[in-house]
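The structure follows.
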Number of protein chains: 2
Amino acid sequence: MQSTVEVSETALTERQKDVLDAALTLLVEAGDTLTMTSVARRASCSKESLYKWFGDRDGLLTATVQWQASKVRGVPVDPEAFGLTSLTTGLERFASDWLRVLSGTISVALNRVAVGHAGSDKHDLGAIVLENGPFAMARRLKPLLRLGRDTGLLHFQDTDEAFRTFFGLVVRDVQIRLLLGDRFELTEAAIDRDARRATQQFLALYGADTKAAGDGH
Amino acid sequence: MQSTVEVSETALTERQKDVLDAALTLLVEAGDTLTMTSVARRASCSKESLYKWFGDRDGLLTATVQWQASKVRGVPVDPEAFGLTSLTTGLERFASDWLRVLSGTISVALNRVAVGHAGSDKHDLGAIVLENGPFAMARRLKPLLRLGRDTGLLHFQDTDEAFRTFFGLVVRDVQIRLLLGDRFELTEAAIDRDARRATQQFLALYGADTKAAGDGH
DNA sequence: ACGCTGCCGTAACGTACGGTACGGTACGCA
DNA sequence: TGCGTACCGTACCGTACGTTACGGCAGCGT
């Protein structure tokens, strides 16, 4: 009970976490058409409790998104004994983790509701997903990129530009196609292959031993 | 009721086109929250006519998406007197056109509703946008890529893989950030710069004069 | 034992909106 | 002049769902 999971500064009880997990599975199943009644039924709780805990439907959705985001933390890339090998494996691991999360049903469902609510929204789900999705990825990857540059393994001027290129090489059209409902089979093998390919392409563009064609000063 | 409303290959009257344009602007303003009443009011037509012409709300949305798609056709890249210069300018022109469309308010709005309705939908807006978005782009670009390969300017085995890499280099995180509501200023200058950068990076990866690092042997 | 608290289950309320019906008007045509 | 067609404007209906209210129960402190 003392293990309070601080989301922004809300401490969630175990019961509430169960409710949010139920909301997550419903979000995956039914998308944005989930109703307060369906959540209450699935979680075996009363609607009164839902409104008491989360305020309104928007608050429930927001809490659900944040709850999921709080679970994805971690995956640190810590630099020790750094070299081209560890840079490469770091990038590959990052890319494959990312593709795995991105293509997961939960991520697809959450991005769908966030896109649907973007902008016109009290709590602005879009901003929350943006913050815990692309922006969090950037914050996590950039230290590795800077380390690569500082050790002379990478050449670029703008860290953000380098990150965004890596983003493009990794994600390509996968996310938009999944969001638009394209049936997509992303096997474990395909993920690993894509992660290696993206990493090699990135190194070809920004690696020290090649002429950097990417950062057109 | 004999007037079967043909949705694909529909001949639209001018009045109906006006109505769909009104629906488009409402979609941009209000997103998926647009109501039949609001469309009728904005277009100065009766709801009865809306239902007569488009069947139901889903039919109206579908017709609106298709109407917009029918306007974006064109932009042919015709190959004559082909060389590295025309390949480069072709890729750049393609990339900049694409970024311009992608970052437009109409495209963002349509992709939002399509993502929101993806899968769970009678007419499957997601599939329609997918077909007229990424897939149409692929169909348009691939001839240019094949021409580049046939003339020895490009090296790759899988045309689809090459296209998807170009997709990633061009779009990067722009589309998802826009869809999630990130305020984004994509000036004309920035679009041109990005188009050139993406093209140069693509040529660095797949150009004949460089070791192709992209297409896993 | 008594009251308080927290919660479940469900009934009830208000409303927004998709869909339909209907009266009124303009226009073409015999 | 009368009839049919197409359409606008609006009133209307049914329903789904967000939100609230209430009755009942279980646990806990005193």
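Quick note on labels: first sequence line is chain A, next is B, and so on, each numbered from 1. Computed from heavy atoms alone, side chains included, the values below leave out hydrogens, waters and symmetry copies. Everything quoted here is computed from the prediction, not taken from an experiment.
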Does A:Ser49 make a side-chain N or O approach to OP1 or OP2 of C:dG6 shorter than 4.0 Å?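 Answer is no, no contact under 4.0 Å.
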Mind listing the N/O atom pairs, protein and nucleotides 20-26 of chain D, below 3.5 Å?
residue : atom : partner : partner atom : Å
D:dC22  : N4   : A:Glu48 : OE1          : 3.2
D:dC22  : N4   : A:Glu48 : OE2          : 3.4

Round to the nearest Å and state the distance from B:Leu50 atom CG to D:dA6 atom C1'. 14 Å
Whole-Å distance between D:dG18 C1' and A:Trp53 CH2?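 Value for this atom pair: 18 Å.
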So, is A:Arg57 near the phosphate of D:dA16, with a side-chain N or O under 4.0 Å from OP1 or OP2? no
Could you check which of D:dG9, C:dG18, C:dC8 has an atom nearest any side-chain atom of B:Ser46?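 Closest nucleotide to the B:Ser46 side chain: D:dG9.
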Atom-pair distance (CG on A:Leu61; C1' on D:dT19), nearest Å: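 So the CG-C1' distance, A:Leu61 to D:dT19, works out to 15 Å.
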Mind calculating the distance between CD (B:Glu14) and P (D:dC7) to the nearest angstrom?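 Distance check: B:Glu14 CD to D:dC7 P gives 14 Å.
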Taking only side-chain N and O atoms of A:Arg41, does any of them lie within less than 4.0 angstrom of OP1 or OP2 on D:dC17?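 No, outside the criterion.
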Which whole-number value in Å describes the distance from B:Met36 CE to D:dC8 P? 13 Å
Assess, by modelled atom type and distance only, whether the side chains of A:Ser46 and A:Ser49 contain a donor and an acceptor separated by less than 3.5 Å.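 Side-chain D/A pair, A:Ser46 to A:Ser49: present.
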Is the shortest heavy-atom distance from the side chain of A:Asn111 to the side chain of B:Ile176 under 4.5 Å?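 With C-beta onward as the side chain, the pair touches.
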Residue of the set A:Thr62, A:Asp124, A:Asp32 for which side-chain hydrogen bond (donor to acceptor under 3.5 Å, both in side chains) holds with A:His117: A:Asp32
Do the side chains of A:Met36 and A:Asp56 get nearer than 4.5 Å, heavy atoms only? no
Spacing of B:Leu205 atom CG and B:Leu154 atom CG [to the nearest 0.5 Å]: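 If I round to the nearest 0.5 Å, the distance is 11.0 Å.
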A:Gln201-A:Arg197 side chain donor-acceptor pair, cut-off 3.5 Å: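 Short answer, yes.
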